[in-house]
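In this chain, residues are counted from 1 in sequence order. Indexing begins at 1, ligand by ligand and atom by atom, following the structure's order. Computed from a predicted model, the values in this text were never measured in an experiment.
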Amino acid sequence: MKRFKPRIKIGPTSVTILFFVLSLAVIPRLLPDNYWQSIFSITGVYVMLALGLNIVAGFTGLLDLSYIAFFGIGGYTFAFLCSDHFGIHLPFLLALPICALTAMVSGFLLGLTSIRLKGDYLAIVTLAFAQIFKLLLLNLDAPINITGGVNGIYAFDQVTLLFINIVTPENYSVLIWTCALLVFLVSFRLKASRIGRGWNAIREDELAANAIGINTTRMKLYSFATGAMIAGFSGAVFVSFQDSVFPNNFDFQQLVIVYCMVIIGGLGNIYGVIAGAVVLSILPEILREYGGLRMMIYGVALVSIMALRPQGLFSAIPGFTKLVKRPDKDETGELRASTDLYYSQDKDETDVKRYTKQAIPLLEIQNLTLNFGGLTAVDKLDFCLHKNEILSIIGPNGAGKSTLFNIISGIYQSDQGKVIYKDLDISAYKPHRVAKAGIARTFQNLRLFNELSVIDNIKISRFCRTKAFFFSAIFNLNLNKTEEKETHETAKKILKMFGRRLTGYRYDQKVSQLSYANRRRVEIARAMATGPEILLLDEPSAGMNPQETGEITEFIKELRDRFGYTILVIEHKLNLVKAVSDRVIVMDHGEKICEGSYDDVAKNPMVIEAYLGKKGKSGNQTNS
Ligand code: ADP
Ligand code: MG
């Protein structure tokens, strides 16, 4: 989390920076010989590589198997630009960014073609890319010698920085670890920014991320390209150190090693990943004297780590990750019952404003139809939602209510009909554009970012209302600072609306530790944080006990009365519907069968029929 007032505090960040600086100043001098000097340098390269892969696989959750190819692209670009091979002799400091950029552009292009693929399919395409890359390296030595084939390319220009010739292993280790420090800072800053939060959201639940306003395709592409850039940068530094480059340097085996580093460090955990890289670089060397047993011990160590600490070797070790307080105890250690706190305790009565339904149409659904194969889930639906209205949609399971929400929020495309929001035809909008336009939703089956804290779940929603981009985030420019502050304050303000249910020690709790009712509340809070005008609530009281249902009923009323939201709510609990609704629409088999005030609707014979299932209709209703 970002701190706004710089305070000197010994935390994991300072420890890491201290570690780097120490590495630079002391370790090279302590190492016994050139052999250990070069192990130390290689460790630095692995730290960079692992941090880069951590962005793609750890932050964003993409199974990218082409990562090692970008390491190679950086390496070979360096060989082309700084050697006799083509007779180009660029200075090191110019060649380095070019190598990183070349890898980044390659990553971007590969990403463009494959990023829409998910999981295994992305893995297959990226693996194929890495294999093709390796084959090209091996075979592009004839008829024109480009890559040098199996023999690779060697004897690069001497590196001179600030009039110092970088020759000895000691010089190199300082250079490499300085680069590693840079990569650490970049990934640290990105992780703490809106970009990092967007990536995390994609890893946790891509659809939900899209629905709260994140252009997931684009953000995945950025993640892919950022990883490729860091790999390319590391590749250039590495081959310069090795003073040669061979196709073998970019084997699948290398990729597996880097993945192991990231996984045993804990996907997404920067400090863990650094430690993972250090341990896995040095361990094989320490084991070297055990000869044949070496790989066996190494293997057993890896398997044990994965079995005993699947979240990563260094997760939840004090100082490496923030310890989360026991959720069910208060500061004095007393058990805290969840029902002893009423949500509106902290209500600020001074800002009570009253909103009521107005005659202005805000959202118009026109002739909306969607078929799933032979099943018409939504059938020629027409209705209008007015400004500051609470409109409830009821109907038996399988009536098409959630499907309607999925169409409005852009997750499904309708076969016919339109969704008009404030004179804007949003029928063809993707989910992130719908969210940005001002319509936010919750999901019937809860789609929270479970491994993230309550406050982070809410902060992610500010993504579509903020702009800070890579440059601003990495250098923490003013735009980033103000937006981070605004994001944090808005998130807190929204959580406060739920009273003590979601404040205080709850902020830092993982969402997966919350009670079911609280998770429902977080989902509503997350929708509110996107800054919408319309809230689509899909069964907000599902799974809540009567007391919690009473609270949420009051809360939904307040959302309109005090905060002026316009609300479309799907509900089964008729007490809630009765208490909140200006109007009620009843759906059955995708059609609107009736519309009006709660009392009118409740008396309608068609509604009674739909609910009680006369004519044997209930037989084909499915649970969803
Ligand atoms: P509910 O009114 O209970 O929210 P839904 O909108 O979830 O109902 O579902 C309406 C109908 O559409 C159901 O018969 C359901 O099985 C079907 N359905 C929903 N989503 C899909 C899908 N992605 N593919 C096929 N059928 C679906
Ligand atoms: Mg539903």
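- Atom OH of Y121 sits in a sparse spot, with 12 or fewer heavy atoms from other residues, nucleotides or ligands closer than 6.0 Å.
- Against a heavy-atom cut-off of under 4.0 Å, A399 is close to the following atoms of ligand 1: 1 (P), 2 (O), 8 (O).
- In summary, the atoms of ligand 1 found under 4.0 Å from a heavy atom of A377, numbered by their order in the structure, are 12 (O).
- Not a single heavy atom of G395 sits closer than 4.0 Å to an atom of ligand 1.
- For ligand 1, the atoms lying closer than 4.0 Å to a non-hydrogen atom of T403 are 5 (P), 6 (O), 9 (O), 10 (C), 19 (C).
- Taking the charged nitrogens against the carboxylate oxygens, K557 and E554 do have a contact shorter than 4.0 Å, which makes a salt bridge.
- Assignment of Y412 to the shell around ligand 1 is supported, since a heavy atom sits closer than 4.0 Å.
- Aromatic rings of F129 and F70 (six-membered ring for Trp) have centroids within the 6.0 Å cut-off, being under it.
- Only the side chain of L375 comes within 4.0 Å of ligand 1, counting heavy atoms alone; its backbone N, CA, C and O stay farther away.
- Under the salt bridge (charged side-chain N to carboxylate O under 4.0 Å, His left out) criterion, the residue pairs touching residues 461-470 are R462-E486, with sequence neighbours excluded.
- Judged as a side-chain contact (heavy atoms from CB on, under 4.5 Å), and not counting sequence neighbours, the contacts of V105 are L109.
- The environment of CG in D599 is crowded: more than 12 heavy-atom neighbours from other residues, nucleotides or ligands sit within 6.0 Å.
- Here the angle at the Mg ion (ligand 2) defined by OG in S402 and OE1 in Q444 stands at 90°, rounded to 10 degrees.
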